[in-house]
Amino acid sequence: MPKRTEVEYRVYNGADALSRAAAEHFFETAKAAVAAKGVARIAISGGSTPKRTFELLANPVERFVKAMPWQQIELYWVDERTVPPDNKDSNYRMTREALLDKVPLKPENIFRIEGELDPEEAAAKYEAAIRNHLRLEGAEGPRFDVLALGMGDDGHTASLFPHTAAINEMIRIAVANQVPQKDTWRITLTWPVINQAHDVFFLIAGKDKAQPVHDVLLGKYDPEVLPSQLIRPSNGRLLMLLDTDAAALLPAPDASGKGRLEIER
Ligand code: 6PG
């Protein structure tokens, strides 16, 4: 069944402006969620792009560290590498160093994916932790208030890599996904769960992302090749925060740096 998604993209000059925009977005969405229901459930991606945003959120000279409702925030990961939490490739380690060590999140509100375990066990434990904490029954899935994604130069997002099994997982919340192109396993939220989030945004920077960003949004629909095309939030809206390099092959944004596309697939 084709689905119509309105994509808004906002283009920023340079990494600092982009990271600041992402920090503002986290702040606004978290504040709104806490105001509405007393809690904000945030799911974050790893990789390198988000680090600067996390550092901004934790920076004592910035307004975020004082203004964010840290005590009411629950933090989840979109995906994790199959490494221990102190490994240089760990998304948790990057987040801990950039953010967790500097802000007053409650330890019980940090839902780490245990990448040090057997991948299937780690995925099952993560899914169970989410189900138990949110008291999900049957086929009910989590609805994150804000969920941040990156995009690889191969069009992957989360740990949904081209031609990997997780692309076809429609039931589970989290799975172990074998990624032959990286000779590794990853643990990832599944795309139907990602699409259930109230607010999903991509945070993408760099020249090497211009082509995948273009192809994902404007190219032939083929999620086996471009898994980011699976991201069609159930609310029908998708936000992309891009630097000028990553947005280079999109239609030029307006004077305020905003562009809009309608996608029907
Ligand atoms: C990961 C991420 C992954 C990431 C993209 C982009 O675990 O690596 O979740 O999906 O968002 O690979 O990574 P960069 O931000 O490093 O380009």
Side-chain angles (χ1 to χ4, degrees), residues 12 14-16 18-19 21-23 25-26 42-56 75-85 87-99 111-116 119 122-123 126 144 146-164 166-167 169 174-191 193-195 197 200-213 215-216 223 225-231 238-248:
Y12 299 89
D16 192 59
L18 176 67
S19 303
H25 193 69
F26 273 125
I42 300 177
I44 56 175
S45 286
S48 58
T49 307
K51 185 173 181 190
R52 200 176 179 125
T53 298
F54 299 159
E55 289 168 342
L56 264 178
L75 190 68
Y76 303 77
W77 276 262
V78 170
D79 65 335
E80 185 56 278
R81 288 83 180 279
T82 46
V83 295
N87 184 288
K88 65 177 176 49
D89 293 333
S90 164
N91 288 337
Y92 172 79
R93 174 176 162 178
M94 182 274 283
T95 313
R96 181 179 58 71
E97 291 174 343
L99 181 68
F111 295 83
R112 182 176 73 87
I113 302 173
E114 295 171 83
E116 66 273 27
Y126 189 47
F144 296 106
V146 56
L147 188 148
L149 295 170
M151 188 187 293
D153 59 9
D154 59 354
H156 85 261
T157 192
S159 283
L160 305 167
F161 285 83
H163 308 296
T164 59
I167 287 172
E169 176 58 53
V175 292
N177 192 31
Q178 187 171 15
V179 186
Q181 50 267 60
K182 283 187 174 286
D183 188 25
T184 190
W185 284 76
R186 292 279 190 91
I187 294 102
T188 185
L189 291 179
T190 55
W191 61 267
V193 164
I194 292 171
N195 283 335
V200 180
F201 75 97
F202 278 95
L203 174 60
I204 309 172
K207 288 184 171 51
D208 61 331
K209 306 298 174 73
Q211 194 62 56
V213 164
D215 295 348
V216 164
V225 174
L226 295 166
S228 293
Q229 291 182 327
L230 292 164
I231 308 307
L238 178 61
L239 175 64
M240 303 188 84
L241 304 181
L242 310 169
D243 73 354
T244 47
D245 288 336

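As the structure lists them, so they are numbered: ligands from 1, and atoms in each ligand from 1.
Judged by the shortest distance from any of its heavy atoms, Arg81 lies inside the 4.0 Å radius around the atoms of ligand 1. Between Asp79 and ligand 1 there is a heavy-atom distance shorter than 4.0 Å.
Side chains of Val146 and Phe26 form a contact here, defined as non-hydrogen atoms less than 4.5 Å apart.
With no hydrogens or angles considered, a side-chain donor-acceptor pair links Asp79 and Ser159 at under 3.5 Å. A side-chain donor from one of Arg81 and Asn91 sits under 3.5 Å from a side-chain acceptor of the other. For Asn177 and Thr164, the side-chain atoms include at least one donor-acceptor pair closer than 3.5 Å.
Ranking protein heavy atoms by distance to atom 6 (C) of ligand 1, first place goes to Met151 O, 3.6 Å. Protein heavy atom closest to atom 15 (O) of ligand 1, with residue, atom name and distance, is Thr49 OG1, 2.6 Å. Protein heavy atom nearest atom 3 (C) of ligand 1, with residue, atom name and distance: Ala158 O, 3.5 Å. Counting only heavy atoms of the protein, atom 5 (C) of ligand 1 lies nearest to His156 NE2, 3.5 Å. The single protein non-hydrogen atom nearest to atom 13 (O) of ligand 1 is Gly47 CA, 4.0 Å, given as residue, atom name and distance.
Listed by number with element, the atoms of ligand 1 under 4.0 Å from a non-hydrogen atom of Gly46 are 2 (C), 9 (O), 11 (O). Which parts of ligand 1 touch Asn91 is read off a 4.0 Å heavy-atom cut-off, strictly below it: atoms 1 (C), 7 (O). Applying the 4.0 Å criterion to heavy atoms of Gly150 picks out, from ligand 1, the atoms 11 (O).
Considering backbone and side-chain atoms alike, Lys209 places an N or O below 3.5 Å from some N or O of ligand 1. Where the criterion is an N or O separation shorter than 3.5 Å, residue side chain and backbone included, Ser159 fails it with respect to ligand 1. Between Pro50 and ligand 1, not a single N/O pair is under 3.5 Å apart.
No donor-acceptor distance shorter than 3.5 angstrom exists from the side chain of Thr188 to the backbone of Thr190, with no hydrogens or angles considered. In this structure a side-chain-to-backbone donor-acceptor pair under 3.5 Å is present from Gln229 to Val216. Side-chain atoms of Lys51 never come within 3.5 Å of backbone atoms of Ala98 as a donor-acceptor pair (strictly under, hydrogens ignored).
Checked against a 6.0 Å centroid threshold, the rings of Phe111 and Trp77 do not count as neighbours.
Taking the six-membered ring for Trp and thresholds of 30 and 60 degrees, His156 and Phe161 have nearly parallel ring planes, at less than 30 degrees apart.
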